[in-house]
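Convention: sequence-line order gives letters A, B, ...; per-chain numbering from 1. These numbers come from the heavy atoms of this one structure, side chains and all, not from hydrogens, waters or symmetry mates. No experiment lies behind these values; they were computed from the predicted model shown.
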Protein chains: 2
Amino acid sequence: MDKGTATNMFESLSSGIRLDIVRLLVRYGHEGLVAGELAETLELPRTNLSFHLKTLTQAGLLSVTQEGRYQRYRANLDAMRDLVAYLTENCCAAEADGCVLPVARNCAG
Amino acid sequence: MDKGTATNMFESLSSGIRLDIVRLLVRYGHEGLVAGELAETLELPRTNLSFHLKTLTQAGLLSVTQEGRYQRYRANLDAMRDLVAYLTENCCAAEADGCVLPVARNCAG
DNA sequence: ACAATATTTCAATCCTAATTGAATATTCGA
DNA sequence: TCGAATATTCAATTAGGATTGAAATATTGT
């Protein structure tokens with residue numbers, strides 16, 4: 001992952017609303033949610049939600065597919081993993097210094 | 001880690017300059033660097049650097065100690081690990097869905 | 001074609017971040 | 001104490017993100 005991609009993703013995750021969107025979509029996995037469901041769940045005006053969804057999608061953190069007149073959004077788990085890897089590699093590469101990261105578990109919850 | 005802390009950290013890492021600062025300081029480990037060394041290495045005006053250092057320190061990603069008239073900055077590796085853990089837990093908790101995160105290595109590399 | 005639904009784009013406003021030079025502490029060495 | 005060095009704070013400007021309602025786009029069902 002290049003630096004620009006990483007900073008775009010970090011910027012996307014720097015908004016509480018967008019972090020909520022991502023966490024919600026991650027919980028829904030491959031099923032995802034359509035825009036209207038997201039707006040209802042998060043109690044956001046549609047235009048505002050649309051703005052944040054666009055930001056997240058452009059950053060690569062979400063994917064979107066059209067289903068008739070609905071837009072279904074899904075979290076991009078590959079991107080998440082890449083971002084975690086980037087953070088691990090670039091921000092924890094010092095001389096041993098007690099730098100032991102937590103081992104990732106499987107995601108059964 | 002609470003959501004506000006996480007979003008503050010993500011916002012800090014959303015600037016290319018600040019990401020450079022963090023990566024540089026991580027490489028210097030416990031030794032860290034004083035502000036002047038950072039400014040020279042990154043070729044930044046002192047006031048601008050000071051601004052970004054303050055942002056990073058307030059977000060908890062850096063620590064700073066005074067050494068005479070110098071200010072020595074160090075990356076806060078604990079905070080980095082916490083942020084990676086937050087991202088792993090909150091953004092990779094779906095139903096199995098191929099959600100296998102890379103296992104964190106030791107940081108000798 | 002028409003009306004209804006779902007979502008985005010547009011335009012305007014507000015708020016906050018980024019950048020810079022000048023001024024202000026604070027510390028060190030002579 | 002005085003001058004030099006280090007770094008931050010302040011004030012001003014510029015740029016970009018956040019939010020909202022109205023308008024536009026696209027799809028469905030009749």
Side-chain angles (χ1 to χ4, degrees), chain A residues 3-25 28 31-76, chain B residues 3-25 28 31-76:
Chain A
K3 190 173 87 171
T5 303
T7 53
N8 283 342
M9 289 183 177
F10 287 134
E11 181 175 359
S12 281
L13 297 173
S14 72
S15 150
I17 289 178
R18 290 195 292 265
L19 191 51
D20 286 342
I21 293 171
V22 169
R23 292 197 297 182
L24 184 57
L25 285 177
Y28 276 81
E31 180 187 356
L33 289 172
V34 299
E37 293 171 331
L38 279 164
E40 253 187 56
T41 304
L42 299 173
E43 294 179 332
L44 286 173
R46 305 299 173 98
T47 57
N48 191 16
L49 176 66
S50 212
F51 168 78
H52 290 297
L53 288 174
K54 186 179 176 185
T55 299
L56 285 162
T57 304
Q58 286 179 340
L61 292 173
L62 302 186
S63 67
V64 56
T65 57
Q66 185 163 356
E67 291 185 1
R69 57 184 144 178
Y70 302 90
Q71 301 285 334
R72 182 167 298 273
Y73 286 89
R74 296 181 179 88
N76 184 350
Chain B
K3 191 173 85 171
T5 303
T7 53
N8 282 341
M9 288 183 178
F10 286 135
E11 181 175 359
S12 282
L13 297 174
S14 73
S15 151
I17 289 178
R18 289 196 292 266
L19 191 52
D20 287 341
I21 293 171
V22 168
R23 291 197 297 182
L24 185 57
L25 285 176
Y28 276 81
E31 180 187 357
L33 289 171
V34 299
E37 293 170 331
L38 279 164
E40 254 186 57
T41 303
L42 299 174
E43 295 179 332
L44 284 174
R46 305 300 174 97
T47 57
N48 191 16
L49 176 65
S50 215
F51 168 78
H52 290 297
L53 288 174
K54 187 179 175 185
T55 299
L56 285 163
T57 303
Q58 286 178 339
L61 291 173
L62 302 187
S63 66
V64 55
T65 57
Q66 185 163 357
E67 292 183 2
R69 58 185 142 174
Y70 301 89
Q71 301 285 337
R72 182 168 297 273
Y73 287 90
R74 295 181 179 89
N76 184 351

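Smallest separation of non-hydrogen atoms from A/Leu13 and B/Phe10: O-CD1, 3.3 Å.
Here the side chain of A/Ser50 pairs no donor or acceptor atom with the backbone of A/Thr47 at under 3.5 angstrom.
Within 4.0 Å (heavy atoms only), A/Arg72 reaches no atom of the nucleic acid at all.
Here the C1' atom of nucleotide D/dA23 and the CZ atom of A/Arg46 are 17 Å apart, to the nearest Å. Rounded to whole angstrom, the span from the CG atom of A/Leu53 across to the P atom of C/dT8 amounts to 6 Å. In this structure, B/Ile21 atom CD1 and D/dA7 atom P are separated by 13 Å, rounded to whole Å. With rounding to whole Å, B/Glu43 atom CD is found 13 Å from C/dT20 atom P. Regarding A/Glu67, its CD atom lies at a distance of 19 Å from the P atom of D/dA26, rounded to whole Å. Following rounding to the nearest Å, A/Leu56 (CG) and C/dT8 (P) show an atom-to-atom distance of 12 Å. Here the C1' atom of nucleotide D/dA15 and the CD1 atom of B/Ile17 are 14 Å apart, to the nearest Å. The CG atom of A/Leu49 sits 13 Å away from the C1' atom of D/dA18 (whole-angstrom rounding).
The phosphate of C/dT19 has OP1 or OP2 within less than 4.0 Å of a side-chain N or O from B/His52. Taking side-chain N and O atoms only, A/Tyr73 has no distance below 4.0 Å to OP1 or OP2 of C/dA6.
Within a 6.0 Å sphere centred on CD of B/Glu43, other residues, nucleotides and ligands contribute 12 heavy atoms or fewer.
Here the nucleotide nearest the side chain of B/Gln71, chosen from C/dT8, D/dG17, D/dT8, is D/dT8. Among the nucleotides C/dT8, D/dT8, C/dA18, the one closest to any side-chain atom of B/Thr47 is D/dT8. Among the nucleotides C/dT19, D/dT9, D/dG17, the one closest to any side-chain atom of B/Asn48 is C/dT19. When distances run from any side-chain atom of A/Tyr70 to the nucleotides D/dA18, C/dA6, D/dT27, the shortest one goes to C/dA6. Of all nucleotides listed (C/dT27, D/dT19, C/dT8), C/dT27 comes nearest to the side chain of B/Gln66. With C/dT8, C/dT5, D/dA4 as the candidates, the nucleotide lying closest to the side chain of A/Arg69 is C/dT5.
Counting heavy atoms from C-beta outward, B/Asn8 and B/Gln58 have side chains that stay 4.5 Å or more apart.
Annotation: the span from A/Leu53 atom CG to A/Asn48 atom CG amounts to 9.5 Å, rounded to 0.5 Å.
Across the interface with DNA chain D, nearest-nucleotide mapping of A/Ser14 and B/Phe51 shows B/Phe51 to be the residue nearer the 5′ end.
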